[in-house]
Novice: 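Can you keep this structure in mind? I'll have questions shortly.
Proteins get letters first, then strands, A, B, ... in listed order; numbering begins at 1 in each. Given the structure is predicted, the values throughout are model-derived calculations rather than measurements.
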Amino acid sequence: MELSKTYNPTEEEAKIYELWEKSGYFNPDNLPDAQGRRPYAITMPPPNVTGVLHVGHALFLTIQDILIRFERMRGKRALWVPGTDSAAIATQAKVENELYKKENKTRRDFSREEFVALVNDYALKHQHIILEQVKKMGASCDWSRLAYTLDEPRNLAVATAFKNMFEDGLIYRGNRLVNWDPKLQTNVSDEEIEWKDETTSFYYLKYGPFIIGTARPETKFGDKYVVMHPDDKRYSQFKHGDQIDVEWINGKITSTVIKDESVDMEFGTGVMTITPAHDATDYDIAKRHNLDIEQIIDLKGLLLPIAGEFEGQHIKKARPLIIEKLQAKGLVEKIDDKYQHRLATNSRGGGIIEPQIREQWFVDVNKKFKIKTGEITGISQGEEIAIVQILRHVVESGQINIIPEYHKKIYFNQWVDNLKDWCISRQIVFGHRIPVWYKNGETYCGVTAPEGEGWEQDPDTLDTWFSSGLWTFSTLGWPEKTKDLVDFHPTDVLETGYDILFFWVVRMILMSTYHLGQVPFKTVYLHGLVRDKDRQKMSKSKGNIIDPLGVIDTYGTDALRFALVFSTSAGTDIPLAEDKIKGMKHFANKLWNISRFILMNVEKTDWRYEAKTKADKDILEKLDSAIKKITNNLEEFRFHEAAQEIYQFTWTEFADVYVETSKPQMQNEALKENTQKILIHVLINILKLLHPFMPFVTETIWQHLRKQGLVGKDDLIMISKWNG
RNA sequence: GGUCGUAUAGCUCAGUUGGUUAGAGCGCACCGUUCACAUCGGUGAGGCCUCUGGUUCGAGUCCAGAUACGACCACCA
């Protein structure tokens, strides 16, 4: 068959993916001699079900697919488990927005069950879209093992995990100050908060003999403690515990002097009043000195009766009115209108965070428990140990390796050393419901509802990261001790962006070491963020988004994949410009034309060749050296170096030098056949080396070689043998 | 405030353990092409590897300091 002059990726890619899927080899159990192969596993970070493929997905899919294809060709039983994430808060928020816009309804117009069903429908409808896009990237994952964070097996895993931790006393319920989102009526984790810069007014108010500063006068009604640093000489005449009568917003109150070292003497006047129920620092001070804690603002952001005449007003509207009143009473010293500060908002829905004290569920990271199995080196079975100690141990001892190396420091300094109890409850309805039931003051925790009448299930759901933390083993069938679990866990590599090292990686280590007594993975490879050519973050508002789907249509998946790994090392951000992708399309085309030339000039051949000329010797030596370098680079996760090596070798050494030399050599009858054999030998090896990076074009060419009888027994390059 | 990172060609970036003439993509200049490929070929210009000091026979690479950027975490009433 005559090959076209240019390689046309869009024509070939869909066909090739179908060919792979039909072969069944994405499922490692179907690989030739499957049980004789060593298992190798990667769990895919599940993309958001409601999401659309972006360059971040494109990058991680490329890197993981490179690893999986490489190891599959090296004879491993390579399993890549795909999945999707319910992304609870984000998904529920989207559905709520849509309901409000289209039908002017809120979630309270539905029963809990109806609403959850609506959200689930929405999620599953979108799942199809993102999965098709994952396939477009060429991902060779095992679709027969597809997992969804809210499907039955995962529900069982989550409930079991909760129950085990509950029974060990690692999960407890308590009142804590949480990040409350009045808009979505839920608690938000620290990590989900997005800080926004804001210029606002800062008020200096007369509070008895003091001037206090505040940006939030609407919280000040109940302030009956005035706090200053014990070393602050300006206020040395006041003693801790002194009582002072103060004329305040709604009349006279008695205020108590508190001396606390957390007060910054440099800031404002060095004196502040506290609102423990609505501020984290104030809450800590109140706890330290055992002070009264009084709620001022309700869960909807409305003022409570303590506000007197302002009761029932929304905080935002009340603020100017309160200032007006304070001014009328002569209590406003001055107002600074250019006060810069940062406002906490919910990144998953945009509400402004209002700290509130709520009863929540927590995982205790410092409480010791007996570890169940002894598979972690250095920790014996039955040893009493706390989560935070395990987290430190497994990375310190090298049982989990983090690439790039310097991220280990971040892991310790910023996370493990500062780990606080993890608040796992959320007040949304879409997600895994807390498996706890109550009846007349009795509490029951179990995988299923307790027998008997009158039990009421806890209304809260679990933080998304609770189920995500189980991901490496819940996707393999845990809590059943399945063959998959035995064969594939611990998994080999966890590949993700450094931006969620702490969200996710830490929780996975926590869950896996606790529930299985195993590390979840041996290596964590952290890639950088994809940025535009000016190193700017890609965002819709900047208009600098590169849409991977559009790129695929124009340049092909292979070009995108190669461009993404071509000049980047672990952990550093990746500037991606369209020019680069275009260049990689040229490379795919170059390879196509090299193949075309060889197909035109080479007949069926056997495999024996020898180095007859200097050019023969050079190219064969350089091929050997390239194979060694590329194999080593892939083993060490240096994808960019492997990519650059194969690019150089193919274009410079092979196309520009040897293919040119081969032309006169093939005119010489004494050299002709041997040269043909070398051409085909080198081409086959290039295709194999390049396959993990550019799977489509290499498979397409492979199929043409097959038709001419130029490759041996392997149907697909995907399962051909790596020569390294 | 705490932690970490980066600085190499016009632009964007590679450069594994210190070891010949420091590389790539894009861009640029000139020449060429009915030949597998113009999505091409050939030739070429362009680098005190941020600065200062140190270790070493030898430093882009290791150490200390300076300068400039960047990221993350915490968060100030």
Novice: Assess whether one donor atom and one acceptor atom, taken from the side chain of A/Lys663 and the base of B/A36, lie less than 3.5 Å apart.
Specialist: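 Check passes, donor-acceptor contact within cut-off.
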Novice: For B/C28, give its Watson-Crick or G-U wobble partner with both distances under 3.5 Å, or none.
Specialist: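 When the pairing criteria are applied, B/G44 turns out to be the nucleotide that pairs with B/C28.
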Novice: Between B/G41, B/G25, B/G5, which nucleotide gets closest to the side-chain atoms of A/Phe566?
Specialist: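 The closest nucleotide is B/G25.
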Novice: Under 30°, 30 to 60°, or over 60°: which ring-plane class applies to A/Tyr525 and A/Phe639, parallel, tilted or perpendicular?
Specialist: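 Answer is perpendicular, since the angle exceeds 60°.
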Novice: Is there a donor and acceptor pair, one atom on the side chain of A/Lys590 and one on the base of B/C37, closer than 3.5 Å?
Specialist: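 In this structure, the two groups form a donor-acceptor pair.
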Novice: Give A/Val263 one of three labels, base, sugar-phosphate or nothing, depending on what nucleic acid heavy atoms sit under 4.0 Å from its own.
Specialist: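 Answer is base: heavy atoms of A/Val263 come under 4.0 Å of a base.
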Novice: A/Gly528 near the nucleic acid: base, sugar-phosphate alone, or nothing, with a heavy-atom cut-off under 4.0 Å?
Specialist: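 Nothing, no nucleic acid heavy atom in range.
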Novice: So is A/Lys663 actually on top of A/Phe597's ring, under 6.0 Å and inside 45° of the axis?
Specialist: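 Yes, a cation-pi geometry.
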Novice: Considering Watson-Crick and G-U wobble pairs with both distances under 3.5 Å, what does B/G1 pair with?
Specialist: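 For B/G1, the partner nucleotide comes out as B/C73, under the 3.5 Å rule.
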Novice: Report all interatomic pairs (protein N or O, nucleotide N or O of nucleotides 43-47 of chain B) with separations under 3.5 Å.
Specialist:
none

Novice: Quick one: label A/Ala655 by what it contacts on the DNA or RNA (base, sugar-phosphate, nothing), any heavy atom closer than 4.0 Å.
Specialist: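 It contacts base atoms.
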Novice: Mind checking if A/Phe587 touches a base, just sugar-phosphate, or nothing, with heavy atoms under 4.0 Å?
Specialist: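 Contact class for A/Phe587: none.
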Novice: Separation of A/Arg596 atom CZ from B/A36 atom P, in whole Å?
Specialist: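 Taking atom P of B/A36 as the reference, CZ of A/Arg596 is at 8 Å.
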Novice: Does the distance from a Lys or Arg side-chain N to an Asp or Glu carboxylate O, for A/Glu354 and A/Arg216, drop under 4.0 Å?
Specialist: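 Looking at A/Arg216 together with A/Glu354, the answer is yes, because their closest N to O distance falls below 4.0 Å.
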Novice: In Watson-Crick or G-U wobble terms, both distances under 3.5 Å, what is the partner of B/U6?
Specialist: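 Partner of B/U6: B/A68.
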Novice: With ring centroids as reference points, do A/Tyr498 and A/His527 lie under 6.0 angstrom apart?
Specialist: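 No, too far apart.
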Novice: Using the side-chain heavy atoms of A/Tyr647, tell me which of these nucleotides is nearest: B/G25, B/U39, B/A36.
Specialist: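 So the side chain of A/Tyr647 is nearest to B/G25.
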Novice: Hey, does A/Phe267 reach any base, or is it just sugar-phosphate, or nothing, if we go heavy atoms under 4.0 Å?
Specialist: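 The residue A/Phe267 makes base contact.
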Novice: Would one find a side-chain N or O of A/Arg638 under 4.0 angstrom from OP1 or OP2 of B/U16?
Specialist: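 No, because none of the side-chain N or O atoms of A/Arg638 sits under 4.0 Å from OP1 or OP2 of B/U16.
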Novice: NA contact type, A/Thr6, heavy-atom cut-off 4.0 Å: base, sugar-phosphate, or nothing?
Specialist: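 Base contact - A/Thr6 has a heavy atom under 4.0 Å of at least one base atom.
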Novice: Quick one: which of B/A36, B/A24, B/U3 gets closest to the side chain of A/Asn413?
Specialist: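 Minimum distance to the A/Asn413 side chain belongs to B/U3.
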Novice: What contact category does A/Lys5 fall into here, base, sugar-phosphate, or nothing, at under 4.0 angstrom with non-hydrogen atoms?
Specialist: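 It contacts sugar-phosphate atoms only.
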Novice: What contact category does A/Glu660 fall into here, base, sugar-phosphate, or nothing, at under 4.0 angstrom with non-hydrogen atoms?
Specialist: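 Result for A/Glu660 = base.
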Novice: Could you tell me which nucleotide pairs with B/U34 by Watson-Crick or G-U wobble geometry, both distances under 3.5 Å, or answer none if nothing does?
Specialist: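 Looking at the geometry, B/U34 pairs with no nucleotide.
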Novice: Please report, rounded to the nearest Å, how far the P atom of B/C37 is from the CG atom of A/Asn601.
Specialist: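 Between P of B/C37 and CG of A/Asn601: 11 Å.
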Novice: Return no unless some side-chain N or O of A/Lys409 is found under 4.0 Å from OP1 or OP2 of B/G5.
Specialist: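 Yes, such a contact exists.
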Novice: Let's test this: given Watson-Crick or G-U wobble pairing with both distances under 3.5 Å, identify the partner of B/U21.
Specialist: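 Its partner is none (no Watson-Crick or G-U wobble pair with both distances under 3.5 Å).
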Novice: Return the nearest nucleotide to the side chain of A/Glu641; candidates are B/A14, B/A71, B/C40.
Specialist: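 For the A/Glu641 side chain, the nearest candidate turns out to be B/A14.
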Novice: What is the distance from CG of A/Asn418 to P of B/G2, rounded to the nearest Å?
Specialist: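 After rounding, the reported distance stands at 14 Å.
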Novice: Look at the side chain of A/Glu645 against the base of B/A24 and say whether a donor-acceptor pair falls under 3.5 Å; ignore hydrogens and angles.
Specialist: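 By the distance-only test, no, there is no pair.
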